[in-house]
Peer 1: 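This is the structure I want to talk about, given as structure tokens.
What you see below is based on every heavy atom in this structure, not just the backbone, and it leaves out hydrogens, waters and symmetry mates. Here the structure is a predicted model, which is why all the values come from computation and not from measurement.
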Amino acid sequence: MGKLVARREEAEMGKYYEELEPGQIYKHQVTRTVTDVDNLMFTALSHNDQPLHLDEEFGKKSIYGSRVVSSLYTLAFTNGVAVRTLTLGTLIGNLGYEQIRFPNPVRIGDTLRSESEVIEVRPSKKYPNAGVVTMEHRGYNQRDEVVCIARQVGLMSKRPAEAE
């Protein structure tokens, strides 16, 4: 048998607490064009039968002039694509969101991208092997319009050798 060079989970780890500093911005590589199927599946899975997301005629009469994609889908994408870069295997727990905003609607056919900025880091008072990190995740459409801003607070692992 050959020598194991690196295990998959080690190669795709997120950042440890010590690697995160305020002001760092990570532009995530994953982009996605939102399809009608994405919108339909997400609304069905989340039991969100709001006609604004499902009924084009209803949407035409709304302030948006058409159906719009669920804002929770937008949040899920904006935050979800950050996982591989920042928190995969290093997030101990999501402590919450301080604020979530949706400045512009997402429509079927929009292509989304996301970036994350480290806002604040501090050692955990309760867990010596962890730190508390605040990140702002920002989602954009293909016109570079901001479609989501979400501040997430997470409990992040310290490097195992540095944990007390």
Peer 1: Are any non-hydrogen side-chain atoms of Y16 and P160 less than 4.5 angstrom apart?
Peer 2: yes
Peer 1: Work out which heavy atom in K158 is nearest to a heavy atom in P128; give both atom names and the distance.
Peer 2: NZ-O, 3.3 Å
Peer 1: Go through the steps for Q99 and Y97 under the test side-chain hydrogen bond (donor to acceptor under 3.5 Å, both in side chains), then give the verdict.
Peer 2: CA-CA 6 Å; Q99 58 183 269; Y97 290 89; over 6 Å; no
Peer 1: Are side-chain heavy atoms of S66 and K60 found at a separation under 4.5 Å?
Peer 2: no
Peer 1: If every non-hydrogen atom of V132 is compared with every non-hydrogen atom of L95, which pair is closest and at what distance?
Peer 2: CG1-CD1, 4.2 Å
Peer 1: I need the minimum non-hydrogen distance between G89 and M13, along with the two atoms involved.
Peer 2: O-CE, 3.6 Å
Peer 1: Do Q152 and N94 pass the side-chain contact (heavy atoms from CB on, under 4.5 Å) test, and can you show the C-alpha distance, the side-chain angles, and the key distance before you say yes or no?
Peer 2: CA-CA 8 Å; Q152 176 190 21; N94 183 5; 3.4 Å; yes
Peer 1: Using a strict cut-off of less than 4.0 Å between a Lys/Arg side-chain nitrogen and an Asp/Glu carboxylate oxygen, indicate whether E117 and R138 qualify as a salt bridge.
Peer 2: yes
Peer 1: Would you sort out whether S114 and H28 count as a side-chain hydrogen bond (donor to acceptor under 3.5 Å, both in side chains), showing the intermediate values?
Peer 2: CA-CA 6 Å; S114 179; H28 308 298; 4.5 Å; no
Peer 1: Between V118 and E21, is a side-chain contact (heavy atoms from CB on, under 4.5 Å) present by the stated rule, with each step listed?
Peer 2: CA-CA 6 Å; V118 178; E21 297 177 17; 5.8 Å; no
Peer 1: Using a 4.5 Å cut-off on heavy atoms from C-beta on, say whether the side chain of T35 contacts that of N39.
Peer 2: no
Peer 1: Considering non-hydrogen atoms only, spot the tightest contact between M156 and I92 and give its length.
Peer 2: C-CD1, 4.1 Å
Peer 1: Using the side-chain hydrogen bond (donor to acceptor under 3.5 Å, both in side chains) rule, take H137 and S116 through it: C-alpha gap first, then chi angles, then the decisive distance, then the call.
Peer 2: CA-CA 4 Å; H137 307 292; S116 300; 2.7 Å; yes
Peer 1: For residues L54 and D49, report the shortest heavy-atom separation together with the two atoms involved.
Peer 2: CD1-CA, 3.8 Å
Peer 1: How close do E115 and Y140 get, heavy atom to heavy atom, and via which atoms?
Peer 2: OE2-OH, 3.0 Å
Peer 1: Within a radius of less than 6.0 Å around CD of E56, do more than 12 heavy atoms belonging to other residues, nucleotides or ligands occur?
Peer 2: yes
Peer 1: Step by step, would you call R113 with D144 a salt bridge (Lys or Arg N to Asp or Glu O under 4.0 Å)?
Peer 2: CA-CA 9 Å; R113 66 179 175 81; D144 291 327; 2.7 Å; yes
Peer 1: How long is the span from the CG atom in N104 to the SG atom in C148, to the nearest 0.5 Å?
Peer 2: 11.5 Å
Peer 1: For the pair Q24 (side chain) and E19 (backbone), establish whether a donor and an acceptor sit closer than 3.5 Å, ignoring hydrogens and angles.
Peer 2: yes
Peer 1: Taking C-beta and beyond as the side chain, do V106 and V68 meet within less than 4.5 Å on heavy atoms?
Peer 2: no
Peer 1: Is there a side-chain contact between Y26 and M135, using heavy atoms and a 4.5 Å cut-off?
Peer 2: no
Peer 1: Without swapping roles, check the side chain of R101 against the backbone of V147 for a donor-acceptor pair under 3.5 Å.
Peer 2: no
Peer 1: Would one find more than 12 heavy atoms of other residues, nucleotides or ligands at under 6.0 Å from atom CZ of R84?
Peer 2: no
Peer 1: Nearest 0.5 Å, what's the CD1-OG1 distance between I108 and T33?
Peer 2: 12.5 Å
Peer 1: Test your reading of the model: is there a side-chain donor-acceptor pair from N141 to the backbone of D110, 3.5 Å cut-off?
Peer 2: no
Peer 1: How long is the span from the CD1 atom in I149 to the CG atom in L75, to the nearest 0.5 Å?
Peer 2: 12.0 Å
Peer 1: Distance check, rounded to the nearest 0.5 Å: T78 atom OG1 versus I100 atom CD1?
Peer 2: 10.5 Å
Peer 1: Within a strict 4.5 Å, meaning less than it, do heavy atoms of the V83 and L86 side chains meet?
Peer 2: no
Peer 1: Could you check whether R122 pairs with E120 (Lys NZ or Arg NE/NH1/NH2 to Asp/Glu carboxylate O, under 4.0 Å)?
Peer 2: no
Peer 1: Would you say that Q50 contacts T43 through its side chain, given a criterion of any heavy-atom pair below 4.5 Å between the two side chains?
Peer 2: no
Peer 1: Calculate, to the nearest 0.5 Å, the distance between atoms CZ and CZ belonging to R67 and F58 respectively.
Peer 2: 13.0 Å
Peer 1: Is there side-chain contact between Y17 and T90, with heavy atoms separated by less than 4.5 Å?
Peer 2: no
Peer 1: Which distance, rounded to the nearest 0.5 Å, do you find between the CG of L52 and the OG of S62?
Peer 2: 5.0 Å
